[in-house]
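Everything below concerns the one structure shown next.
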Amino acid sequence: MDQFLDQALTPARFALLLGVGVAVLLIVLGFVTYAIYFERKVLGWMQLRIGPNRTGPLGLLQTVADVFKLLIKEDTIPHKADRGLFILAPALAFVPSFACLAVLPFSENLQLANLNVGLLYYAALSSITTIAIVLGGWASNNKYALLGGMRSAAQMISYEIPLVMSVVGVVLLSGSLNLRNIVEGQLGGFWNWNFIPQIIGFAVFIVAAVSELNRTPFDLPEAESELVAGYHVEYSGFRFAFFMLAEYVYVFAIAALTSVLFLGGWDAPLPVLDIIPGILWFALKFSFVVFFLIWIRGTLPRVRIDQLMGLGWKVLLPLALANIFITAIVIELKDAFS
Amino acid sequence: MYNNQYVLVAIFVALGVFLPVAALTIGRWLRPARPVDEKYTTYESGNEPVGDSQVRFNIRYYLFALMFIIFDLETVFLYPWAVAYGKLGLFALVEMLIFVSLLVVGLIYAWKKKVLTWTSI
Amino acid sequence: MNALQAGDLIHLLPELILVGAAVFLTLLDLALPRRFGRSALAWLTLAAIAGSAAAVAMKLGDEPVRLLNDSYRIEDYANLFKLVFLGGGALVVLMSIGSIRDDEIPHKGEYFYLFLPALVGAMVVASSGDLITLFVGLELLGISSYVLVGMRKGSGTNNEAAFKYVVTGAIASAILLYGFSFLYGMSGSTNLGAIRNALIQNYEQYDAMIYLSFFLVLAGFALKVAAAPFHAWAPDVYEGAPTPITAFLAVVSKLAAFAILFRVIYNVYALNSHLYKDVLLALAVLAAAAMILGNALALKQYKVKRLLAFSGIANAGYLFVPLAANFSLTHYNNFSELLYYGIAYAVMNIGALAVLMAVSNRGENEELSAFAGLYHRAPWTAAAMTILLVSLAGLPVTGGFFGKLFILLGAMQTELYWLGAVMIVTSVVSFYYYFGFIRQMYMRSSGSTPLSLTGPLAVAIWICTVLTLALGFAPHIVIGYMTDLFQLQSDFLIG
Amino acid sequence: MNDLATPYLTLGAILFCVGLYGALTKRNAVIVLLSIELMLNAVNLNLVAFAKLGHQPSLQGQIFSLFNMTVAASEVAVGIAILIALFRNRGTVDVTEMDSLNK
Amino acid sequence: MLADWPILSMLTFSPLLGFLVLLFVPGSQGRAVKTIGLAATLLPLLLAGWMYVDYNLHTREVVQYTEQHTWIRIPLAIEGDLTGVSDYYLDFVYKLSADGLALPLAFLTTLVSAMAALAAWHIKKRWKTFFLLFLLLETGMLGVFFARDLFLFFLFFELTLIPMFFLIGIWGLRDRERAANKFLLYNGIGSAIMLIAFFIIVSTAGFTFSQADGNTTLFYSGDLDVILANVFQNTQSYVNQAFEGSPFYWSGEMKWTLFILLLIAFGIKLPIFPFHTWMLKVHAEAHPSVVMIHSGILLKMGAYGLLRFGVLLFPEQAKDAALALAIIGVVNILYGALLAMRQTEFRLMLAYSSVSHMGVVLLGLAALNATGIKGAVFQLVSHGLISALLFLIVGSLYERTKTTEIPQLGGLASSMPFMSGMLLMAGMASLGLPGLSGFVSEFMAFLGLFGAYPWVAAVGALGLIYTAVYVLRGIMGMTFGRAAAPAAADGELRDARFLEALPMIVLAAFILLIGIYPTVLSYPLEHTVDGFLQQLQAAAKMGGS
């Protein structure tokens with residue numbers, strides 16, 4: 001794919017690229033559909049329930065049915081809402097979530113765009129969604145929605161800082177922002193993976209990532225019990241669906257990113273296991289992260305907002321900063337002794 | 001060099017725009033439209049909505065936005081530094097330490113001034 | 001590529017002292033319980049400034065140090081300016097001590113540790129030989145001053161002034177930067193010397209763009225120094241700001257902008273044989289406009305700070321004259337003209353504002369009438385003010401007189417007779433409003449009680465007065481020292 | 001200079017002029033600040049375009065634009081902080097009502 | 001003997017001795033303050049008198065006293081590249097000298113100052129400040145007459161400005177502040193224009209080269225002798241020779257510009273016709289003792305400057321403009337006299353009369369011959385004395401009657417014969433009665449002009465008739481007219497006390513002395529004016545070649 005991307009662009013090649021894009025889109029949609037199903041199932045098991053089991057075999061078509069329900073649901077836009085922004089917000093939430101998938105390397109051979117600033121690209125695009133959420137909350141002209149939107153904004157910007165800073169340690173180690181290079185720096189067994197030298201960074205990253213996803217225990221923007229769903233309280237039908245879609249696409253993206261940055265990407269945990277294709281290792285790690293996210297949701301209660309902000313600024317940020325310098329100093333020491 | 005990489009990125013963005021547009025358009029054909037005035041009122045736990053909801057934001061939000069800008073911009077400088085760190089040597093570390101410690105002073109300042117303590121809902 | 005080395009930090013000692021002090025003061029202010037007064041911070045600020053000034057003074061006359069490919073230069077041009085900034089800053093701090101009311105400025109600590117970065121900004125500006133460094137310094141100075149102007153949070157006028165200052169400052173920066181972007185585009189470098197060489201080589205190719213960049217840069221700087229016709233913000237901001245900050249803006253900010261304006265104009269444009277005539281003409285026109293408008297608008301003012309703002313605009317015009325006077329066979333000392341008048345302007349303006357602070361009844365009456373009968377209330381202060389005003393008006397034997405004299409002589413030597421004439425005539429017009437103070441002080445009466453000055457304020461006033469007189473009686477010492485020290489080739493030109 | 005730069009420069013010029021116009025004429029102070037951002041972004045666009053397509057392409061333009069962003073952000077942050085204080089005292093963000101000075 | 005001492009500095013700064021003493025006397029001690037102030041003006045009077053006598057003892061040399069020190073030497077550019085010159089300096093030279101022109105005027109200054117200090121006995125408030133400023137002013141005036149360096153001259157010129165501003169503004173009548181403002185603005189503009197001209201002169205003609213161990217050094221200075229040497233003595237100097245890009249050359253236009261600038265600058269002070277309004281206000285509003293100084297000396301500084309820096313530095317231009325100058329002078333005379341006739345306020349009448357009399361000075365200068373110039377100088381001294389005397393009397397009168405309206409002042413002769421007599425005498429001197437100083441000066445000035453422009457002189461002589469008319473009408477009305485004012489009628493008006501009479505007598509004595517024995521003034525002037533004429537001829541020769 002790499003060589004192919006460096007060649008001159010012809011209509012045929014463009015069509016091929018388009019095909020790749022559509023394929024990814026379909027994969028992602030499929031993932032979302034089944035991630036939701038999976039989440040409900042896992043949560044059910046954790047709470048000693050069964051979870052969805054009626055629609056289709058084992059309830060496998062439950063989410064599909066939900067989607068169709070949303071599709072044919074009547075769409076209402078409140079009179080008091082700001083119509084233009086109200087319509088714009090869900091789309092704006094979705095676009096960056098999907099676009100930031102373009103840089104993720106899935107395996108040695110399966111890589112979409114290979115940008116030299118891949119990590120920066122991801123960080124930059126993912127923060128646009130915040131705007132969409134605030135916009136949705138504001139445009140609804142509803143008190144709950146506004147509160148949800150504002151909370152979401154505060155939370156997202158607060159956790160974006162530790163998120164991007166925790167990655168600096170990884171960048172220091174690999175000396176590149178290219179996600180592929182970052183993975184290549186970790187090849188050769190799990191002891192090379194970044195989560196070991198970067199354990200602080202990894203912890204900060206995971207916590208911040210969960211918060212960025214607005215998932216429990218950090219789901220304050222849409223806390224059903226206090227804000228009756230927060231920023232999307234006025235949304236219905238497919239507009240609502242796009243907020244949800246964006247959220248789950250981000251789950252996909254973050255899981256992939258975690259695998260890439262800290263868990264060695266497609267690298268096998270032991271060099272012996274190299275015979276198993278990289279894409280499978282990647283899928284395994286990816287699935288583990290997704291499961292981990294659901295697991296947290298099933299285990300931890302929602303935090304209070306002041307705890308949330310305090311955690312971000314007073315704990316995670318100093319930790320992330322400390323991590324950067326510890327990493328840098330260790331690198332210097334290593335250089336000095338070798 | 002990377003030109004085509006960005007073509008791919010552009011395709012992703014285009015698809016990202018295309019999907020909502022297409023889905024919502026299809027939805028419009030499929031979904032019913034039976035407008036009743038009550039449907040279009042703002043939800044306020046079943047009560048008649050009181051006043052305008054686009055109220056002034058709490059000042060806290062602004063303070064956090066400010067903090068965000070400061071530290072987000074810090075990372076703007078951290079990233080290039082981290083990428084080039086291997087070539088820069090020890091003194092680059094010292095320089096970055098000076099830079100970051102100045103910002104940490106800012107963080108301490110905000111902390112002490114109770115900016116980081118959330119008091120609103 | 002020569003990267004910064006640890007050893008180079010010693011050259012940055014003056015700046016580092018101030019930064020360190022600012023950090024230390026911040027932490028100290030946070031750590032000290034509320035019941036301790038904050039005046040200790042002020043004295044520490046003063047000590048830091050003194051330390052920094054000593055560090056600068058030790059470097060005077062040394063070989064120029066050029067850090068990071070000439071982007072930061074420690075040479076006599078910069079050092080002399082830095083000394084002026086630090087001196088002015090120290091006087092402003094003196095003014096502030098004990099005269100900032102608790103209710104006026106809720107965060108006294110911040111006042112002082114925001115002041116130091118502003119000074120550092122001015123110093124960086126004077127030292128920079130690179131567009132990026134220059135811009136960062138300018139903004140450090142600017143942003144700190146925005147906050148300082150808006151320090152009185154509860155006062156609407158104060159906030160208004162601060163907001164106006166932010167908006168104009170930001171617009172000025174944007175215009176300036178837009179000009180810089182073209183300079184960069186034409187040369188591929190941000191180093192002033194490299195830009196000059198590139199412009200000389202590529203003149204034929206880009207002449208329109210060169211002129212565009214010149215006018216943008218000039219407009220940006222003119223906004224920063226409040227030269228007419230880009231002056232509209234100055235009176236409002238000066239009036240709304242706390243008085244010491246007004247002094248800071250009028251003196252340190254303005255001189256810092258002049259320091260770099262001089263450097264940029266001469267390094268980039270005026271040494272280009274295609275350009276220099278137009279460049280100097282533009283500067284001369286700007287100078288004349290500032291002198292005429294500033295003095296004309298000051299005539300009608302009865303609010304002292306606005307009046308001094310307009311007088312500051314006029315003074316900006318005077319300071320533009322050495323820039324507009326080209327180097328010629330017999331004229332080579334634009335720098336000492338600029339700096340000498342800069343020093344004189346600094347002391348007389350700070351002094352006048354300090355007196356205003358003393359008489360304004362804690363900021364309640366800042367109109368001319370506050371000076372009524374000052375002669376009866378405080379004869380010595382009135383005498384000091386008289387000297388300062390005489391200097392502002394440019395009458396002998398004061399610093400202001402000699403400052404203007406040198407500038408005029410330069411203008412005459414380069415045959416800018418018309419500009420010299422404008423300068424002299426507008427100076428005479430200025431007599432009217434400067435003597436308006438004198439009329440108030442000596443010829444009006446006010447029944448109120450004797451004026452009491454706080455110690456530091458009195459010290460500030462008298463330092464300014466004595467310096468004004470000293471500059472009048474012994475100008476040759478100062479100017480001779482500057483001329484001996486300053487070597488155009490090594491201390492000023494970049495690349 | 002590379003002809004490819006022209007569209008970028010034109011866009012930059014348009015942005016700059018729009019920003020300047022907005023900064024000078026708009027009544028709402030927030031929009032004034034936004035307009036200033038627009039001007040600064042025009043500068044960034046110029047710098048980045050020149051860094052790639054200028055007379056002598058170099059990295060400094062990009063570095064310069066990084067500094068610009070930082071400075072622009074802090075400038076506007078301070079601007080809004082002051083605006084908030086002003087709004088608390090006055091209850092308006094209309095620039096045409098900021099005329100208490102010179103009265 | 002005197003020449004061994006820095007006598008000029010001593011004289012110039014002698015008033016400051018009193019200034020220093022006064023600083024330490026509490027302001028509440030009114031009597032002590034006044035006494036010290038007065039004493040401080042007597043010291044310079046004595047010195048000046050002594051010098052005057054000493055000068056007259058050996059008048060063969062024009063300049064007998066001179067002092068020179070380089071006060072401030074400012075290095076200009078080190079890196080300039082005028083061929084062969086390595087260093088540039090700007091010198092401020094402290095150079096005083098006295099010739100037959102400066103000395104009489106300096107003596108006049110000290111005399112009028114002392115008399116004015118006596119007249120100031122009546123001021124009601126803030127004596128200390130008054131005398132401090134007064135003494136400062138006297139130093140300034142003396143310095144103006146002695147200064148031989150353009151910058152120094154300017155410095156002293158400005159030094160008179162500020163004290164005068166205060167003196168008018170604090171101790172004047174009701175509209176004093178406007179008067180002070182007007183004074184400041186007009187004179188400020190005048191000195192500004194003068195400064196422009198001086199600057200151009202210094203930065204072109206004020207150079208000296210000096211060579212020491214292979215290095216050539218260029219000094220700029222305002223030293224008048226240096227400038228004269230460059231302009232007149234050295235025909236090959238850079239001032240007179242054009243070369244490409246020369247920063248020194250004086251072209252014809254340049255000379256004309258400078259001459260006109262100086263004419264305007266000093267014309268404002270003099271005052272020449274359209275620029276005279278400020279001085280009316282000052283005459284009408286200032287305290288009489290201040291007006292004595294103002295009318296008696298400050299106006300003379302303008303004429304002095306015009307002669308010294310205008311006519312003598314640019315003789316060619318002066319010659320070409322002589323007719324115009326003469327006409328301006330006549331306009332001054334007629335305008336002043338006509339308007340003086342229409343005044344009912346005595347002060348204003350005197351103010352217009354001053355305008356008229358200063359026209360005579362212009363006439364004398366325009367003649368450009370020995371008689372004319374001497375006449376002009378005579379007129380300066382004579383008018384200084386007369387107007388001082390007149391305002392001294394006005395001050396005393398005002399003290400008593402609280403008015404200076406002529407119709408309300410009738411019949412003074414009965415209640416105060418001495419003062420009326422003095423008034424009469426001053427009036428006679430003013431209208432040029434033979435035997436009094438006014439006659440000599442006007443006679444000489446007109447005689448000079450008749451030699452040059454008879455028709456203009458004839459028209460000007462008309463003005464003399466008008467002068468007689470208004471002086472007689474005014475003064476006769478006041479002294480012998482119908483007793484109109486109730487104040488004058490009730491007989492409470494005392495005649496002059498001793499302290500008032502003394503200065504009147506002294507001034508009158510000098511008026512009489514010059515009228516009867518003009519040699520006392522013309523003797524020292526003789527050689528000085530000869531020197532001037534040589535200078536004029538030298539210039540003419542140079543212009544011809």
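Hydrogens, waters and symmetry mates are skipped; everything else that's a heavy atom, side chains included, is used. Per chain, numbering begins at 1; letters A, B, ... match sequence-line order.
Note: E/Ile200 leads E/Ile200, E/Thr129, E/Leu185, E/Asn187 in heavy-atom pairs under 4.5 Å with chain C. When each of E/Asn181, E/Leu155, E/Ile170 is scored by its heavy-atom pairs under 4.5 Å with chain C, the top score falls to E/Asn181. The choice from C/Phe435, C/Tyr417, C/Tyr375 that makes the most heavy-atom pairs within less than 4.5 Å of chain E is C/Phe435. Taking E/Thr257, E/Thr204, E/Ile189, E/Leu184 one by one and counting their heavy-atom pairs under 4.5 Å with chain C, the maximum is reached by E/Leu184.
When heavy atoms are compared at a cutoff of 4.5 Å, E/Leu90 approaches chain C solely by way of its side chain, counted from C-beta outward. Heavy atoms of C/Val478 lying under 4.5 Å from chain E are absent altogether. Contacts of C/Ile477 with chain E are absent, with no heavy-atom separation under 4.5 Å from either backbone or side chain. In this structure, chain C has a heavy atom under 4.5 Å from the side chain of E/Leu161, while its backbone stays farther away. In this structure, chain C has a heavy atom under 4.5 Å from the side chain of E/Phe151, while its backbone stays farther away. Only the side chain of C/Glu415 comes within contact range of chain E, judged by heavy atoms closer than 4.5 Å. With a threshold of 4.5 angstrom between heavy atoms, E/Met254 approaches chain C through side-chain atoms but not through N, CA, C or O. Interface remark: C/Ser427 contributes no atoms to any contact with chain E (heavy atom separation under 4.5 Å). Of the two parts of C/Phe401, only the side chain, counted from C-beta on, holds a non-hydrogen atom closer than 4.5 Å to a non-hydrogen atom of chain E. Looking at C/Tyr340, there are no atoms closer than 4.5 Å to chain E (heavy atoms on both sides), in backbone or side chain.
Ring geometry, E/Trp256 versus E/Phe259: the interplanar angle exceeds 60°, so the pair is classed perpendicular (tilted spans 30 to 60°). Ring orientation note: the planes of E/Phe130 and E/Trp171 are nearly perpendicular, at an angle over 60° on the 30°/60° scale. Between E/Phe92 and E/Trp71, the ring planes lie perpendicular to each other; the angle is over 60°, past the 30° to 60° tilted range.
Taking the ring centre of C/Tyr432 as origin, the terminal cationic atom of C/Arg439 falls inside the region bounded by 6.0 Å and 45° from the ring axis.
Here E/Asp223 pairs with E/Lys95 in a salt bridge; the nearest charged N to carboxylate O distance falls below 4.0 Å. Ion pair E/Lys281/E/Glu177 not flagged as a salt bridge, since none of the NZ, NE, NH1 or NH2 atoms sits closer than 4.0 Å to an Asp/Glu carboxylate oxygen.
The side-chain heavy atoms of E/Met301 and E/Phe145, taken from C-beta on, include a pair separated by under 4.5 Å.
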Could you go through the ring pair (Phe, Tyr, Trp, His ring centres under 6.0 Å) check for C/Phe335 and C/Tyr77 one step at a time? CA-CA 8 Å; C/Phe335 170 70; C/Tyr77 176 82; 5.1 Å; yes
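The distance between the ring centers of E/Phe198 and E/Phe309 falls below 6.0 angstrom.
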